[in-house]
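Residue numbers count from 1 along this sequence. From a predicted model like this one, the values you see are computed outputs, not experimental measurements.
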Amino acid sequence: MRVLVTGGAGFIGSHVVAALRAAGHEPTALDVRSAPDGVRADVRDADALATALSGVHAVCHQAAMVGLGRGFSDAADYVAVNDLGTAVLLEQMARARVAHLVLAGSMVVYGEGRYRCPEHGAVRPGPRAVAELDAGRFEPPCPRCGAELAPELVTEEAPADPRNVYATTKLAQEHLAAAWARATGGRAVSLRYHNVYGDGMPRDTPYAGVASFFRSALEAGRPPRVFEDGGQRRDFVHVADVAAANVAALEAVGGRAPGELRAYNTGSGEPHTVGEMARALADAFGGPAPVVTGEYRLGDVRHITACSRRLREELGWRPRVGFADGMARFAREPLAVG
């Protein structure tokens, strides 16, 4: 299968290109950076896309501006890259009659995860109040009675509730892909990534993930700075497993019903706290030990871990890299610049 991988020179995209090639496919990377045997172009460049899509059977859309960023000061950049870029890509796919798409989605579309109140059952708390965060009260209470909640796994049927600009643009990407599928009879899959980490992750930038922040600090001889109390639950999934999920989705997308988008949570299935991750990474690197700061970022959610059963059952995907092994590997693996 000939596959165009947008963002194919980036962190996840480069791993997807390698995994596709290893599986016997013919991937071509399109990226604003140079890529071996790739096309150097912006995903918003319609002419470059038209050329790159010639003879292609499917597209794996990884190109995006990622991370929480700088509050609202870079909102236009997120929308321009993520949403306009996706719209230009889908328009050119329609013209080239490329009917198969795998989108790099994100679990951030859910906002806060699923919670259970001992009295009211499953509930969805609203955004956390600044006064509560300033007081060090990080756990969201039951919105009906104020009781302490137990976090649970989120399934793909949960309503979307994006809490920041990045999350909003990732949800818009899914809506654009669904509209494209309906209009063209195309087939689309969105892989809602959890916290992806691994070799080639970009160094400490405002747009990098928390694993990159911690790894960059350790490399500089500084302790990882853990926000809040370190009890935030996440699902850390190795980039090799995410690349394998993309291959599985691309190989299965042609069998999906035309005119629809199917979403899949893509995580390891092993929830861990941010504090646990920082300690595991620091131990594997050889210190220094993490520091819990009590600081917070507006727009962050407290707990978000999702159930990846649908991906396992429908596409036969299984994560291969466990948490302890993955963190030990990541402590030794090189980071990318930018």
Side-chain angles (χ1 to χ4, degrees), residues 67-72 75 105-172 174 192-196 206 209-211 213-214 224-237 263 265-280 290-310 323:
L68 192 59
R70 298 183 174 94
F72 211 80
S106 176
M107 54 80 187
V108 295
V109 301
Y110 298 119
E112 281 287 353
R114 176 185 171 94
Y115 293 83
R116 182 164 295 278
C117 171
E119 180 177 351
H120 298 106
V123 296
R124 290 181 62 82
R128 295 181 292 172
V130 170
E132 294 295 306
L133 295 170
D134 285 342
R137 293 188 287 270
F138 302 118
E139 294 289 345
C142 175
R144 297 177 64 182
C145 68
E148 182 177 343
L149 300 174
E152 297 184 335
L153 299 181
V154 179
T155 65
E156 290 87 352
E157 290 79 10
D161 185 18
R163 299 288 175 90
N164 55 60
V165 173
Y166 170 61
T168 302
T169 64
K170 295 306 290 184
L171 182 59
E174 289 194 358
R192 291 175 175 170
Y193 299 161
H194 280 257
N195 292 70
V196 186
V210 65
F213 294 155
F214 293 166
R225 293 176 59 81
V226 180
F227 280 13
E228 301 186 17
D229 60 0
Q232 311 94 302
R233 284 164 53 95
R234 298 291 188 270
D235 185 323
F236 300 98
V237 58
N265 292 331
T266 307
S268 71
E270 298 182 47
H272 290 273
T273 69
V274 172
E276 287 173 341
M277 188 271 283
R279 289 190 295 273
V291 173
V292 177
T293 69
E295 299 173 47
Y296 65 86
R297 297 190 303 177
L298 283 176
D300 273 347
V301 297
R302 179 61 175 175
H303 303 297
I304 176 64
T305 54
C307 175
S308 299
R309 184 182 302 114
R310 176 186 289 181
F323 178 78

How far apart are the closest heavy atoms of [X] and [Y], and which atoms are they?
X    : Y    : answer
I304 : G113 : CD1-CA, 3.8 Å
V123 : P125 : O-CD, 3.8 Å
C142 : C117 : SG-SG, 3.7 Å
T273 : G231 : CG2-O, 3.8 Å
L153 : C307 : CB-N, 4.0 Å
R124 : P159 : NH2-O, 3.3 Å

Legend entry - Side chain proximity check, V301 to R234, heavy atoms < 4.5 angstrom: yes
Legend entry - Full working for side chain to side chain contact (heavy atoms under 4.5 Å, CB included) between H272 and T305: CA-CA 9 Å; H272 290 273; T305 54; over 6 Å; no
From [atom1] ([X]) to [atom2] ([Y]), nearest 0.5 Å:
X    : Y    : atom1 : atom2 : answer
F214 : M277 : CZ    : CE    : 5.0 Å
L149 : H120 : CG    : NE2   : 11.0 Å
E139 : D229 : CD    : CG    : 7.0 Å
Q232 : H303 : CD    : NE2   : 8.0 Å
R163 : T168 : CZ    : OG1   : 11.0 Å
T266 : H194 : OG1   : NE2   : 7.0 Å

Inset, instruction - Begin from the C-alpha positions of D134 and Y296 and carry the test side chain to side chain contact (heavy atoms under 4.5 Å, CB included) through to its verdict. - result: CA-CA 8 Å; D134 285 342; Y296 65 86; 2.5 Å; yes
Inset, instruction - Walk me through it: do L133 and F138 pass the test side chain to side chain contact (heavy atoms under 4.5 Å, CB included)? - result: CA-CA 6 Å; L133 295 170; F138 302 118; 3.7 Å; yes
Legend entry - Flag for D235-S268: side-chain donor and acceptor within less than 3.5 Å: yes
Legend entry - Short side-chain donor-acceptor distance under 3.5 Å, E157 and T155: yes
Above 12 or not: heavy atoms from other molecules or residues under 6.0 Å from [atom1] of [X]?
X    : atom1 : value
E132 : CD    : yes
R137 : CZ    : yes
R144 : CZ    : no

Inset, instruction - Identify whether the distance between the nearest side-chain nitrogen and carboxylate oxygen of R192 and E156 falls below 4.0 Å. - result: no
Inset, instruction - Using a strict 4.0 Å threshold on nitrogen-to-oxygen distance, state whether R302 and E112 make a salt bridge. - result: no
Inset, instruction - Report yes or no: does R310 contribute a side-chain atom to a donor-acceptor pair with the main-chain N or O of A263 at less than 3.5 Å? - result: yes
Legend entry - N265 (side chain) donor-acceptor with V154 (main chain) under 3.5 angstrom: yes
Inset, instruction - Apply side chain to side chain contact (heavy atoms under 4.5 Å, CB included) to R225 and F213, showing your working. - result: CA-CA 8 Å; R225 293 176 59 81; F213 294 155; over 6 Å; no
